[in-house]
Amino acid sequence: MRKGIKERCRRVVVKLGTSTLVYPNGQLNLCRIEHLVRQLADLHNRGIEVLLVSSGAIGVGANRMGFKKVPATMPEKQALAAIGQGALLHLYEKIFAEYGKIVAQVLLTRGDLDDRIRYLNATNTLLAILAMGVIPIINENDTVVVEEIKFGDNDTLSALVAGIVNADLLLILSDVDGLYDSDPRLNSSARLLTHVGEITDEMEENSRNRGSSFSSGGMLTKLKAARMCMAAGVPMVIANSEVENVIIRVLSGEEMGTLFIPREDRKMHARKKWIAFGTVVQGRISVDSGAVTALLKRGKSLLPSGVLRVEGEFERGTVVAVVSPEGKEIARGMVNYSAEELKLIAGKKTSEIEEILGEKDYDEVIHRNNLWVDN
Ligand code: GLU
């Protein structure tokens, strides 16, 4: 039994992947969809707020058009998403309505979350939908976004959503039982990990496989989602959608699938959450080892003296990655100076900023309050 899950879960995000919704031949798995929706409606009846992140737009679109696999070009995929998303929502609307539930379609793009104001708008809308007792069904707005500006996969999107609404649990349902210590398709003695408190490089290495032919995920994107959840203080479970009453059972605290346990002290401030996960970084600042220690160990702000190199074009107020001398991303933060200004003051003392730039609005390149540190 997993203690606390049942008692604590008042708001849950459930993510359904394409492989859960469609058969390998591309046809809809109606029995399974009905079974899962019924459980979600039942949770809702118990007074639990439910948000559904559903993939499947492209897969369902491909199916409607009689395609055996997803076409390669972006416009074709986008067209299929437009065709499939409507069909998918129609199906959800119909099944949820049988149980008296009202649903709301929410299509998000990265741009909606990159901008702090739009992020807050999206958050408020989701909370308003929940307050109305309605179940939001969320997907990426695939029809209008191209590769470079995509979340890319709904595992990431569902973790972001879970963070945004301060969910008590993210449940990712998939066609696997959870995370194994090695690839179960290659190794028959692979062991299911029931509890994970830390994601290691080895786990990521073992997970570099692709998902089904219609989906974008795989275990790697789920681990990325788990990292985000653990940092944001949201427990996450990966479980198999095929298991009878899986959603109800996980929510009842039954030990099923893999539970990723957040560190309790990691409940993140909303703005830091946005800095860490809501945005696409616009540039990179490499810092020296002294700055790495100051940021990771001593809770300090980033000063110009620690900056070695600046990459990318960015304005004041954008979010950038902070990178160690070895090239590892250690933090993200909102910069007080533009890339152009930073190149001039890199390596310099705070007292020299004014002389170089003609003005000094800030001592710090990134203030601690605007910095999210990955440790
Ligand atoms: N947004 C895509 C779709 O609905 C799926 C992304 C994913 O597979 O994670 O088809």
Side-chain angles (χ1 to χ4, degrees), residues 13-29 32-33 36-37 51-93 103-113 122 136-162 170-176 207-229 236 238-241 277 280:
V13 177
V14 177
K15 185 253 170 181
L16 304 179
T18 304
S19 61
T20 294
L21 305 171
V22 299
Y23 289 110
N25 67 4
Q27 298 288 338
L28 281 170
N29 189 335
R32 192 184 288 153
I33 297 173
L36 293 169
V37 168
L51 299 96
L52 174 59
V53 175
S54 176
S55 306
I58 298 175
V60 170
N63 171 242
R64 289 216 106 191
M65 299 306 290
F67 293 178
K68 285 284 162 279
K69 59 180 197 313
V70 173
T73 74
M74 201 62 193
E76 284 173 305
K77 278 192 221 166
Q78 291 179 298
L80 289 183
I83 296 161
Q85 180 66 26
L88 193 61
L89 243 287
H90 176 71
L91 183 64
Y92 279 128
E93 168 82 44
V103 297
Q105 170 177 258
V106 180
L107 296 177
L108 292 172
T109 63
R110 262 224 99 115
D112 297 325
L113 304 186
I137 303 183
I138 304 157
N139 196 358
E140 178 157 19
N141 196 352
D142 294 303
T143 302
V144 296
V145 285
V146 290
E147 210 69 70
E148 302 78 57
I149 52 164
K150 272 177 85 76
F151 299 110
D153 63 88
N154 278 0
D155 296 324
T156 307
L157 177 60
S158 64
L160 278 169
V161 168
L170 167 61
L171 171 56
I172 294 190
L173 292 179
S174 183
D175 53 358
V176 291
S207 304
R208 292 186 191 284
N209 53 13
R210 277 194 47 81
S212 76
S213 61
F214 290 109
S215 65
S216 330
M219 193 46 83
L220 198 57
T221 55
K222 291 181 181 48
L223 288 185
K224 189 172 152 208
R227 247 187 219 286
M228 291 165 67
C229 281
M236 179 182 125
I238 302 176
N240 197 329
S241 61
F277 305 123
V280 181

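Quick note: numbers below take in every heavy atom, side chains included, and nothing from hydrogens, waters or symmetry partners. Every number for a ligand or one of its atoms is a count from 1 in the order of the listing.
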Could you see which bit of Asp142 sits under 4.0 Å from ligand 1, with heavy atoms only: side chain, backbone, both or neither?
side chain
Would one find an N or O of Ser54, backbone or side chain, under 3.5 Å from an N or O of ligand 1?
no
Run Thr18 and Ile58 through side chain to side chain contact (heavy atoms under 4.5 Å, CB included) and show every step you take.
CA-CA 9 Å; Thr18 304; Ile58 298 175; over 6 Å; no
Quick check on contacts: which atoms of ligand 1 are under 4.0 angstrom from a heavy atom of Asp153?
9 (O)
Crowding at CZ, Arg64 (>12 non-hydrogen neighbours, <6.0 Å)
no
Are Ile172 and Met236 close enough, and set up right, to give a side chain to side chain contact (heavy atoms under 4.5 Å, CB included), and what steps lead you there?
CA-CA 7 Å; Ile172 294 190; Met236 179 182 125; 3.8 Å; yes
Answer yes or no: does an N/O atom from Asn139 fall short of 3.5 Å to an N/O atom of ligand 1?
yes
Side chains of Leu108 and Ile138: does their closest heavy-atom pair fall under 4.5 Å?
yes
Check this for me - ligand 1, Gly56, N or O atoms closer than 3.5 angstrom, yes or no?
yes
Tell me if a side-chain donor or acceptor on Glu140 pairs with a main-chain N or O of Asp153 at a distance below 3.5 Å.
no
Any idea which atoms of ligand 1 are less than 4.0 Å away from a heavy-atom of Ser55?
4 (O), 5 (C), 7 (C), 8 (O), 9 (O)
Within 4.0 Å of some non-hydrogen atom of Ile58, the atoms of ligand 1 are 3 (C), 10 (O)
Output yes when a side-chain donor or acceptor of Ser241 lies under 3.5 Å from a complementary backbone atom of Ser174, and no otherwise.
yes
Can you find an N or O of Asp155 that's nearer than 3.5 Å to an N or O of ligand 1?
no
